[in-house]
2 protein chains.
Amino acid sequence: MTTLKEVAKLANVHPSVVSRVLNKDNTLNIKEETRTRINEAINELNYSPNSAARSLKTNQSRMIGMAIPDFNNPVYSSIIHGAEDHAAMEGYHLLVYSMKQKGLGKDFFSKLLKERIDGLLIATSDINNKHILSLNETKKPFVLVNRMIQDVENYVILDDERGGKLATKHLIDLGHRHIAHITGPLYTGTALKRFQGYREMLQEKNIPFEVKYVQESDYTMEGGYQSMEKLLELDSPPTAIFAANVMVAMGAIKAIHDNGFQVPADFSVIGIHDVFFASGLSPSLTTVDMPLYEMGSRAVAQLINAISERKLKFPGETIDGANLIPRESTRSLLDE
Amino acid sequence: MTTLKEVAKLANVHPSVVSRVLNKDNTLNIKEETRTRINEAINELNYSPNSAARSLKTNQSRMIGMAIPDFNNPVYSSIIHGAEDHAAMEGYHLLVYSMKQKGLGKDFFSKLLKERIDGLLIATSDINNKHILSLNETKKPFVLVNRMIQDVENYVILDDERGGKLATKHLIDLGHRHIAHITGPLYTGTALKRFQGYREMLQEKNIPFEVKYVQESDYTMEGGYQSMEKLLELDSPPTAIFAANVMVAMGAIKAIHDNGFQVPADFSVIGIHDVFFASGLSPSLTTVDMPLYEMGSRAVAQLINAISERKLKFPGETIDGANLIPRESTRSLLDE
DNA sequence: TATTATAAGGAAAACGTTTTTCTTATATGT
DNA sequence: ACATATAAGAAAAACGTTTTCCTTATAATA
């Protein structure tokens, strides 16, 4: 392992000069000639700095932690993807931790922040609020991703309300008037806002809101299945279902099929989040694509900014953008 | 940030003693009394060691890198999950890098190995063989996961042949005699072995192997779709399809539906890998579940072992186990 | 009692950087 | 020509550990 000293020796300068070249330190002056001499030495020896030594000295690791609920959730895959790309772009590395059935002790993250990472992305609700607030003591920044809690401004979220409106609007535009909504857990901000979007769009289009068409569910396939069965039992069932996410949509479709009906012939179904297999489902699923990748990317950008500015707080950010991706699972009632 | 020195001062001992207690160094003797005194001081000051300093001194980071093709692939999600759990268990951290559309320069990983990580998991075919072999120069261990290349023994793979046999056997047991196989890319070991399993099982059951029933594909939905369309054009189409993975299976099912047929009424379909949404598909998909989680876990175990034993080589390992998960997409021809 | 073994812990160097301060030589202004 | 400013680089301390080697006191042995 070649060290900075060896580079210095070969270039015939003092180690400190090499360090300044390495860090593009502009406050000190270095002759162009020596700079190139040093760079040649670096190349010749195939030198790369020891990051442990660097971390020790600068008290920065250029690593970012990220807590997610589950690796097997394509929504988080997209967020991670965006986060990782942006981190790489800025020379940071991402450490991802799944909370799934893991007894990561109470102070796992505060310890991690203390000793190893420069900041933390919290993209999971598995960490309770008190615990999150206690991270303030570490004096290192963290960002809530796709989640908000009281008294914490550092969040990056999506415009879920717009997502809910778009999904509902699509069904209305297709001529549906009896539109059910299978929600996510309503104690989560995302589910609540999608629900709000649904109500607002109904109102905007002068379609009466009917409580019987709303089923609170839990973002799972099983939940979607059960909720759909309840909707099927109604005297006048809906003709279209706005599912809070794709898992719920899949469960609902399964319930529809199991009860002898067809999608979209008998029921139109739309879900939030254009996961990678949405187009592969039979029928392919109409979705509202949310900018998950960008949310991950922006969250990292905000975090890195907070790290380098040594700020622990910044104003929350909402990522705009939600796109309807029409596919086979929704059908128009108008051209009949 | 409290340091080891402060702990030493509070406990009234020399820093070196604290270090020895911290590292459970048994070669040196320490009175039980001082040991508890030190531990009390550690708790009182809420001390945790600076990992940068530790890394600098010991030349180990307790971090493992992992290269995957794509975050959006549930197969790799499971592998990561297993890897991450095992790493956490052993006090290691996992750095995951997706190769997707990222210009990670040729020597990204060798640099990473040099400066930051203790070992590397290669779970992608995006890194070419020469490049992998050049990692040997870093003198740090790496493990191939779900992949083999010549002259590299350090691999952990699955018994894909058994997976192929199980899938084929299931279809045969259901009474099918005209069984097609849509393969993955046959230059990959996994696809080749699944194909071999298919042939062997046919032979074992005295069912003639027919070339027309084999379509080479590429593990994608689109590939599965196209291959299935070719199978549908045959004079005597198969009654069952063994798809090399779930994406291919979804594509095939879509093609079947688009051509006016039903699954499983007209065609039975089975795929490899029991991804999390297989049960949510309509019809739910019969799969062969492979021990992906365990493969990830074992790969990390092997890597950590290599790290601590300072060995660069170890004998390859094949993870046993493959389980049929029967669902709605396959149906018996026998009870007609 | 004299010698040696052992237990318990202290001293200090080292890991590879960064950064503040110091030195020297040359350029600038009057 | 003198004082001063600046450019270019050297010196050295420091970051927080680990680890090898020493020291001292006590216990064991002859």
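Each chain gets a letter, A, B and so on, in the order its sequence line appears, and its residues count up from 1.
A:Asn29 has a side-chain polar atom (N or O) that falls below the 4.0 Å cut-off from OP1 or OP2 of D:dA7. Of the side-chain N and O atoms in A:Arg54, one or more sit less than 4.0 angstrom from OP1 or OP2 of C:dT18. Using a 4.0 Å cut-off, some side-chain N or O of A:Thr34 falls inside it from OP1 or OP2 of D:dG9.
For B:Thr58, taking side-chain heavy atoms from C-beta onward, the closest of the listed nucleotides D:dT17, C:dT18, D:dT18 is D:dT18.
Taking atom NZ of A:Lys5 as the reference point, atom P of D:dA11 lies 13 Å away to the nearest angstrom. Atom pair B:Lys114:NZ and C:dG16:P shows a separation of 13 Å (rounding to whole Å applied). If you take CZ of A:Arg20 and C1' of D:dA10, they are 8 Å apart, rounded to a whole angstrom. The distance between atom CG of A:Leu4 and atom C1' of D:dA10, rounded to the nearest whole Å, is 14 Å. Taking atom CD of residue A:Gln60 and atom P of nucleotide D:dC15, one finds them 17 Å apart after rounding to whole Å. In this structure, A:Met1 atom CE and C:dA14 atom C1' are separated by 18 Å, rounded to whole Å. Note: NZ (B:Lys57) to P (D:dG16) measures 15 Å, nearest angstrom. Between the P atom of C:dT20 and the NE2 atom of A:His14 lies a distance of 16 Å, rounded to the nearest Å.
Taking 4.5 Å as the limit, every side-chain heavy atom of A:Glu115 sits out of range of all side-chain heavy atoms of B:Asn50. In this structure the side chain of A:Val156 reaches within 4.5 angstrom of the side chain of A:Ile319, judged on heavy atoms. Looking at heavy atoms from C-beta onward, B:Met66 lies in side-chain contact with B:Ile80 at the 4.5 angstrom threshold.
Across all strands, B:Ser16 comes closer than 4.0 Å to base atoms (heavy-atom distances). B:Ser19 comes within 4.0 angstrom of a nucleotide base, judged by non-hydrogen atoms across all strands.
For A:Lys31 against D:dA7, a side-chain-to-base donor-acceptor contact under 3.5 Å is absent.
In this structure, a donor-acceptor pair under 3.5 Å is present between the side chains of B:Asp85 and B:Tyr293.
No side-chain donor-acceptor contact under 3.5 Å links B:Asn305 to the backbone of B:Ala301.
Taking the nucleotide of DNA chain C with the nearest heavy atom to each of B:Ala53 and A:Val17, the more 5' of the two is matched to B:Ala53.
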